[in-house]
Amino acid sequence: METYLLQIFNGISVSSILMLAALGLAVTFGLMKIINMAHGELIMTGAYATYIIQGVFKPLDGSAVFGLYFILAIPGAFLITAAVGYLLEISVIKRLYGRPLDSLLATWGVSLVLQQLARSIFGAPNVDVKSPAWLNGGLVLTEGLQLPYKRLFIIFLAALCILGVYWFLYRTAWGRRIRAVMQNRSMAQSLGINTRMIDSITFALGSGLAGVAGCALTLLGSIGPTLGTGYIVDTFMVVVLGGAGSIIGTVAGAGSIGIGNTAFEFLTNASLGKVIVFLVVIMFLQWKPQGFFTISSRALDE
Amino acid sequence: MEKVLEIKDLTVSFDGFKAVNSLNTSVRAGDIHFFIGPNGAGKTTLLDAICGRVRPASGGIFLKNGSDVTRLSEHQIVELGIGRKFQVPSVFNGITIYENMELAAEKKRSIYSTLFSKLTKEQVERISEVLNTIGLYEKRYRTPRALSHGEKQWLEIGMLLVQQPRIMLLDEPVAGMGRQETDKTGRLLKEISSQCSVVVVEHDMEFVRECADTVTVLHEGALLDEGSMEDVQKNPRVIEVYLGRGGE
Amino acid sequence: MDGEVSEVLSVESMSASYGDSSVIRDISIKSGKGQVVCILGRNGVGKTTLLKGIMGLVKTPSGSISLDSTELWRLPTYKRASLGIGYVPQGRDIFPQLTVYENLLLGLERNKNRGGIDEEIYELFPVLKAMLKRKGGDLSGGQQQQLAIARALASRPGLLLLDEPTEGIQPSIIQEIGRVIKKLKSRQSMAMVIVEQYLDFVLEVSDYFYVMDKGAVVMEGETQDADPHKIQQKIAI
Amino acid sequence: MENTNIGYNGLLTKKNIPIAIVILLLCLAPLLLSDFRINLLGKFVAYAILALGIDLIWGYTGILSLGHGVYFGLGAYCMAMYLKLEASGGKLPDFMSWSGQNSLPWFWKPFANAPFAVVMSMLLPCVLAFIIGYLTFKNRIRGVYFSILTQALSIIFVVLFVGQQAYTGGTNGITNFKTILGFPIASASTKLGIYYVAVALLLGAYVFCRFITARRTGRVLIAIRDGENRARFSGYNPAVYKVFVYCISAALAGLAGAVFVPQVGIISPAEMGIVPSVEMVIWVAIGGRGTMIGAIIGAILVNSLKSGISESFPDIWSYFIGAAFIAVVIFMPSGLVGVFRSAKAKLGNLRLFKAEKA
Amino acid sequence: AGGEQQSSSTPAQGGAASADTIKVGILHSLSGTMAISEVSVKDAEMMAIEEINAAGGVLGKKIEPVIEDGASDWPTFAEKAKKLLQNDKVATVFGCWTSASRKAVLPVFEENNGLLWYPVQYEGMESSPNIFYSGAAPNQQIVPAVEWLLQNKGKKFFLLGSDYVFPRTANKIIKAQLEAMGGELVAEEYTPLGHTDYSTIVNKIKSAKPDVVFNTLNGDSNVAFFKQLKDAGITAGDLTTLSVSVAEEEIRGIGADNIQGHLVSWNYYQTTDTPENKEFVEKYKAKYGADRVTDDPIEAAYIQVYLWAEAVKKAGSTDIEKVKEAAKGLEFKAPEGLVKIEGENQHLWKPVRIGEVQSDGLIKEIWSTGEAVRPDPYLKTYDWAKGLSNE
Ligand SMILES: Nc1ncnc2c1ncn2[C@@H]1O[C@H](COP(=O)(O)OP(=O)(O)OP(=O)(O)O)[C@@H](O)[C@H]1O
Ligand SMILES: Nc1ncnc2c1ncn2[C@@H]1O[C@H](COP(=O)(O)OP(=O)(O)OP(=O)(O)O)[C@@H](O)[C@H]1O
Ligand SMILES: NC(N)=O
Ligand SMILES: [Mg+2]
Ligand SMILES: [Mg+2]
């Protein structure tokens with residue numbers, strides 16, 4: 001029984017990680033139509049940002065204050081990665097709007113460069129980010145059922161980010177501007193919106209979210225130059241399964257892939273579990289070619 | 001005259017909103033049949049239903065041979081001889097204007113025939129003729145990307161002309177055209193109506209008056225009036241919801 | 001042109017091109033407060049391009065464009081809009097995935113201190129009020145056209161550019177739009193440039209007209225003095 | 001956009017000068033380059049065959065497959081099975097015995113026959129592409145949805161091939177070949193022979209693709225790329241056309257895989273993965289999509305560059321390659337061929353007038 | 001950061017070997033997923049070359065390294081191996097990490113009669129005349145570890161590995177051994193390389209209740225596994241894990257506090273107490289930074305360069321056949337202790353050590369064979385291993 005309860009919790013936990021990792025992509029890909037192959041490297045940037053911030057706090061290691069670095073690391077990773085995203089936007093991405101397939105190629109180049117950059121700066125081997133003490137241990141429900149605080153924290157963080165992004169995009173004037181620009185750049189301009197600025201901000205936002213995901217991932221896994229590569233397909237799958245352009249879809253997509261993955265992994269093994277989940281996704285798309293939350297359109301193309 | 005298209009009890013709804021509501025009407029062979037009505041009356045939606053773009057919630061659309069097009073896919077409907085021009089001009093930007101015409105002129109649209117067969121001499125001549133008619137002969141080796149709004153309208157009409165469907169659906173063909181072009185379009189329609197039936201949606205009343213054999217007025221998805229233009233434009237309801245009292 | 005009205009828009013010897021292909025050469029037009037100026041011409045002569053040039057949506061290699069004596073030529077599109085231009089493009093350009101209401105709110109962007117949408121707009125286009133929550137892209141063609149006009153009017157611009165505003169609109173509303181234009185004109189607060197094919201409409205609402213052919217003005221004059229047949233002929237060649 | 005009016009003329013026109021030059025250069029290369037370089041070039045020629053297929057579906061039809069590595073891999077595995085069986089000389093292949101397999105699985109047996117293996121290297125990808133294509137295109141899965149779906153396909157295949165070590169050699173893949181049709185695979189003359197076969201196949205594949213694109217079929221494909229729905233309302237069934245080119249493209253990828261294996265001496269599941277699949281698309285983009293010659297040049301050039309730069313700067317070559325990708329996309333949106341063409345156009349060679357006269 | 005040095009020492013390439021240098025190839029993944037491990041190994045090889053050159057080189061000539069990037073991709077390894085042998089005509093190559101990359105280059109070395117020195121522990125069942133294996137064969141790492149665990153920790157084994165040839169083959173060996181020695185297999189799980197979520201696996205471990213988890217995970221996955229194992233409230237005190245692909249370098253990425261108390265099996269640790277090692281660790285840290293650590297593959301990579309140089313000196317030539325002949329029985333005082341090249345299969349005699357991870361990230365030896373163990377890649381000396389190899 002406990003095994004099954006724990007497995008359900010694991011499913012939710014994996015979903016929340018996927019959600020966090022995919023949220024930035026939901027913005028840059030779902031909204032901006034940039035097929036951002038460097039998304040994984042932005043996640044990596046967030047993880048290394050966390051590493052740097054931890055380094056600053058290193059002298060305090062041992063004291064209770066040290067654990068607080070992580071609270072700072074979340075906005076820190078967001079800002080640093082958003083800044084990287086901003087630079088990327090004004091140098092490369094801005095030339096690619098309306099050319100989604102070209103964006104795939106250029107961002108692929110970007111991902112190669114970022115990976116190598118990480119290797120040059122931080123060295124090829126993995127680095128260690130020490131988790132804050134207050135996230136060690138877990139919520140003990142029964143003897144065999146212990147929910148790690150780290151995973152609970154990530155679930156909380158993912159929920160917070162989703163709500164924040166949803167509110168920002170759908171409830172604020174900025175969100176309205178962003179959506180308008182993404183749908184029709186020249187008309188938005190004609191209405192007095194500084195589309196260049198909106199583009200940069202939006203891409204920076206999506207990148208920053210990837211950074212937050214990277215920060216969270218330091219709690220669970222390795223921090224190395226290729227950290228992001230493992231997430232790229234899964235996150236695209238999440239966004240596509242949910243329906244590109246829909247934040248709620250991203251939640252649904254992450255939920256079903258995450259829970260599916262853990263369930264099938266539990267019943268079979270990790271490899272087969274992945275195969276089954278992907279097969280199910282492929283079959284699902286046959287039935288709903290645009291994912292869970294379809295955005296219908298009367299226009300002839302698209 | 002014999003009916004080439006019969007719309008029976010057609011309802012199209014979007015999330016509960018009935019854009020077309022229990023509509024019954026028919027189109028006769030060789031007719032130029034206009035659908036008019038206020039913005040949002042459901043005219044475009046009706047054309048969408050006829051050419052398979054939207055699936056009706058209920059009702060059917062029957063051809064002369066009795067087949068119900070609401071059960072067919074888009075290209076099958078085209079094969080049965082229904083051609084469509086869209087409200088927003090849509091042509092293929094990646095190939096030249098001439099090639100756009102070629103694709104439309106194709107009779108068998110299978111891979112085999114596009115790979116191995118050649119267009120007949122008549123087809124080639126027809127394309128040149130139509131290109132001249134629509135005034136794009138000079139530009140035929142350019143891509144339509146660089147055409148103005150009105151020119152694209154013409155190209156789309158031209159493609160229909162070489163496609164030679166049995167029923168032609170035109171959604172606002174003269175929108176964005178000048179008087180001259182509008183008159184020309186009118187003449188064209190009359191010419192081709194000898195070979196096929198033409199269904200037109202338009203807001204240009206002068207044009208309607210000029211060309212229409214039959215006029216159907218839609219309002220809120222349903223039929224408001226049907227008959228000749230002289231008759232329907234006297235209908236006070238039509239004047240109220242559509243024509244306005246300002247003169248027309 | 002009439003010397004009394006204060007000049008709002010003045011385009012002088014502007015050229016415009018798409019990439020390498022030049023479409024408009026050396027064109028000059030003017031419009032003053034409370035004045036409606038009309039651009040006529042056959043398909044493909046460059047009317048839309050002219051408006052896009054004013055908005056900064058196409059390359060304008062040479063010329064000068066001034067709005068209330070501010071030079072626009074070097075400014076990006078959004079700054080031009082912010083200085084007080086409302087634009088209704090050909091093809092409507094509604095934001096398809098935003099609701100009607102959001103589309104209207106975006107009309108206020110250039111004038112951020114305006115609180116909300118004037119009730120007047122809804123009176124003018126009652127259909128919009130009924131559909132505030134519907135997605136812009138789901139509207140019918142004519143409804144979208146109305147929305148596009150409403151959106152441009154929402155911020156009360158000093159200059160209104162309308163590209164074939166009556167296209168796809170039902171006759172009764174065209175009359176209504178005509179009345180609105182006249183009303184706006186009578187307020188003397190706005191200059192308007194309208195591209196139109198619908199001659200009757202133009203003659204009714206405009207003060208001054210330009211006929212274009214192949215990227216240049218080939219005829220211009222006061223509407224009241226004009227002979228419709230002459231204009232028609234000029235357009236036809 | 002690019003290929004405005006190819007195809008009105010036969011195959012023997014000035015349009016074919018570029019391909020003639022490329023093939024000639026490839027034929028003369030062995031006189032100038034070392035055996036090692038020729039072997040490498042032969043591998044790039046295999047990639048060029050694959051690039052033709054990708055160009056057909058992407059450049060012409062607008063279908064972006066991010067899983068073409070799968071078809072390449074399937075073709076390669078078919079060939080590798082044949083080579084492995086020939087190498088093990090009737091005995092159980094080495095990896096099978098160390099994976100605990102005691103007898104040759106039934107589906108391996110026919111691959112001892114070379115013609116069968118070659119046919120299968122194209123047929124198998126083609127059949128898989130048909131199944132995938134039929135389902136997805138019929139159900140109107142399009143654009144990035146299709147791309148991501150093919151990514152999933154690619155992951156599935158990698159994981160399956162890795163997992164079935166006893167049948168596929170697992171992560172290692174299949175390697176350690178000895179002979180091909182009885183000729184020692186390592187000998188210089190065999191290698192040269194294979195190289196020329198590869199060049200001949202490239203030419204064949206080019207002619208085949210040009211045949212398709214020069215016909216009205218090519219125009220239909222572009223029409224589908226630019227407006228699938230519009231094409232539908234013009235009476236064409238996009239699904240049929242898409243399945244058709246997708247299958248051809250997969251078969252070409254399979255062929256490329258079959259040409260790749262004897263030259264490189266190994267195929268592993270990683271070659272079916274996302275990374276190679278994306279790179280394949282990049283070759284075409286850099287060469288110039290929508291032009292067959294661009295695909296060939298892109299494949300050969302990008303790979304030469306990658307090999308060359310990684311030899312000179314083994315630690316930091318990613319910087320150069322990454323920057324090159326970015327630069328090409330930004331500054332040469334139509335690829336190398338596009339740059340060449342616009343340069344030509346600027347020289348006053350207005351094709352319009354010629355077409356006018358024709 | 002490591003790796004700046006070789007750019008200065010990478011000579012111009014392409015020409016034939018000049019008279020006063022001997023070209024050698026270095027072939028590792030410097031990019032891609034394997035770079036996390038292989039870059040350090042490359043660094044160790046470069047250090048050895050520099051030392052030898054500083055001491056006058058071999059046969060009066062300086063060693064000139066030609067570095068190539070295998071990019072974590074097996075066909076690329078094959079391509080680069082061909083390039084080194086055919087184009088650069090190198091005297092020998094030091095390279096590879098994964099067994100897959102070694103299998104990929106093996107035919108290239110055999111066809112071109114080249115020489116490869118391979119520094120990583122592996123699954124055995126191989127003995128190419130063109131390869132020297134300086135890492136452990138199964139009987140020098142896995143087999144003694146299983147035996148020790150059975151004696152000291154318990155009988156119920158949970159086998160966890162990455163899904164590729166080394167773990168699968170290693171587990172095949174372990175299973176045969178367990179059966180022969182009265183152990184019990186409770187589960188065998190594989191995860192794809194690069195797998196990052198181990199919550200389900202940890203849950204499976206919890207419910208299987210093994211005495212021992214024998215861990216053959218490779219690379220990044222170890223970080224995720226150990227972090228998540230600890231989060232689930234399982235410590236080394238509750239459950240023993242023994243890893244064969246986790247060394248000091250990997251522990252840095254995992255975080256010492258996450259793996260403290262868990263066991264590993266290798267031939268060498270940074271803490272290994274020999275005078276040679278003291279010097280080696282000092283030199284390595286001086287060269288690459290005080291925060292860097294040495295570990296088993298790094299040490300093996302380092303000594304294999306010396307072994308080759310010694311063999312060349314003894315042969316008086318870089319000719320492959322002569323070097324191979326000279327290498328037979330060659331002994332070397334390595335940081336791990338005295339090692340010897342076994343002529344029969346070109347593997348090394350190595351001491352075996354089981355260690356426990358300390359809070360500082362270093363490993364304390366808790367058991368050792370003392371002297372070097374004879375390499376037995378085909379496990380011919382073990383009765384229970386009869387069916388495992390078809391040789
Ligand atoms: N996908 C949809 N979702 C919701 N409402 C829709 C959708 N498509 C159409 N409608 C609504 O259905 C009604 C009919 O639209 P339709 O486009 O058929 O009108 P129309 O008669 O062609 O008008 P117009 O003359 O303005 O082109 C409109 O009120 C429109 O808003
Ligand atoms: N994007 C473009 N690229 C290149 N040329 C273009 C482009 N858009 C329009 N043109 C060309 O510019 C010329 C003028 O076009 P424009 O749209 O301004 O015409 P218009 O007068 O508005 O016509 P219409 O009444 O049909 O809308 C046309 O001949 C057209 O071929
Ligand atoms: N030899 C290994 N660890 O792959
Ligand atoms: Mg309509
Ligand atoms: Mg226009």
Side-chain angles (χ1 to χ4, degrees), chain B residues 14-15 17 19 36-45 86-89 134-136 139 142 145-155 171-172 174-184 201-208 217-219 233 238-248, chain C residues 18-21 23 40-49 89-93 125 127-128 130-131 134-135 138-147 163-164 166-179 195-202 204 211 228 231-233 235-237:
Chain B
F14 301 105
D15 306 319
F17 174 82
I36 63 173
N39 293 128
K43 306 178 295 292
T44 299
T45 310
F86 289 89
Q87 188 161 3
V88 179
I134 61 176
L136 290 174
K139 295 185 175 178
R142 293 202 206 163
R145 201 187 306 278
L147 293 182
S148 79
H149 185 79
E151 289 169 323
K152 281 185 188 157
Q153 293 269 52
W154 274 114
L155 176 56
D171 201 349
E172 308 202 8
V174 303
M177 285 187 184
R179 196 72 264 149
Q180 216 95 33
E181 283 91 350
T182 304
D183 293 345
K184 189 163 129 192
V201 169
E202 247 312 328
H203 291 296
D204 185 332
M205 285 308 114
E206 214 170 301
F207 179 66
V208 180
V217 187
L218 296 184
H219 179 48
Q233 70 184 346
V238 175
I239 293 173
E240 184 191 343
V241 302
Y242 183 62
L243 294 174
R245 302 185 191 280
E248 293 286 334
Chain C
Y18 295 97
D20 296 334
S21 70
V23 170
L40 296 161
R42 291 194 313 157
N43 294 132
V45 296
K47 307 180 294 296
T48 298
T49 310
Q90 191 169 23
R92 299 145 197 153
D93 288 79
F125 303 112
V127 62
L128 296 182
M131 299 193 163
R134 197 171 291 187
K135 277 195 307 185
D138 287 348
L139 297 190
S140 79
Q143 290 165 343
Q144 289 188 2
Q145 185 70 47
Q146 296 175 35
L147 175 55
D163 200 348
E164 312 211 5
T166 62
E167 189 184 312
I169 291 190
Q170 68 184 79
S172 60
I173 295 183
I174 293 181
Q175 293 152 22
E176 193 60 30
I177 292 174
R179 275 194 285 279
V195 168
E196 254 304 340
Q197 304 265 7
Y198 187 9
L199 200 58
D200 298 346
F201 180 79
V202 167
E204 198 183 317
V211 177
I231 300 179
Q232 193 62 262
Q233 260 173 358
I235 295 174
I237 36 163

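Here is the naming used below: chain letters follow the sequence lines, and residue numbers restart at 1 for every chain. Side chains included, hydrogens not; waters and symmetry mates left out as well; all remaining heavy atoms used.
- Comparing C/L139, C/I169, C/I173, C/V195 by heavy-atom pairs within less than 4.5 Å of chain B, the highest count is held by C/I169.
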### Query
Passes side-chain contact (heavy atoms from CB on, under 4.5 Å), B/E206 versus C/D200? Steps please.
CA-CA 11 Å; B/E206 214 170 301; C/D200 298 346; 4.1 Å; yes
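- With a 4.5 Å cut-off on non-hydrogen atoms, B/F17 touches chain C through its side chain but not through its backbone.
- B/Y242 places a side-chain heavy atom less than 4.5 Å from the side chain of C/P171.
- Legend: residues meeting salt bridge (charged side-chain N to carboxylate O under 4.0 Å, His left out) with B/E181, ordered by chain and number and at least two apart, are absent.
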- request: Applying side-chain contact (heavy atoms from CB on, under 4.5 Å), run through B/L136 and B/L147 and close with a yes or a no.
  value: CA-CA 10 Å; B/L136 290 174; B/L147 293 182; 4.1 Å; yes
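- Using a 4.5 Å cut-off between heavy atoms, B/V174 does not touch chain C at all.
- Proximity to chain C is limited to the side chain of B/E172, based on heavy atoms less than 4.5 angstrom apart.
- No other option in C/Q170, C/E164, C/Q143, C/E176 has as many heavy-atom pairs under 4.5 Å with chain B as C/Q170.
- A side-chain donor-acceptor contact under 3.5 Å links B/K43 to the backbone of B/P38.
- C/F201 meets the ring-ring contact (aromatic ring centres under 6.0 Å, His included) test with no other residue; sequence neighbours excluded.
- For C/I174, no part lies near chain B; criterion is any non-hydrogen pair under 4.5 Å.
- Your options are C/S140, C/G91, C/G168, C/G19, and the one with the most heavy-atom pairs under 4.5 Å with chain B is C/G168.
- By the 4.5 Å heavy-atom criterion applied to side chains, B/H219 and B/E240 are not counted as neighbours.
- Here B/M177 is the residue among B/R179, B/M177, B/E202 with the most heavy-atom pairs under 4.5 Å with chain C.
- Neither the backbone nor the side chain of C/E196 comes within contact range of chain B, judged by heavy atoms closer than 4.5 Å.
- The most heavy-atom pairs under 4.5 Å with chain C, out of B/A175, B/G178, B/G40, B/G176, come from B/G176.
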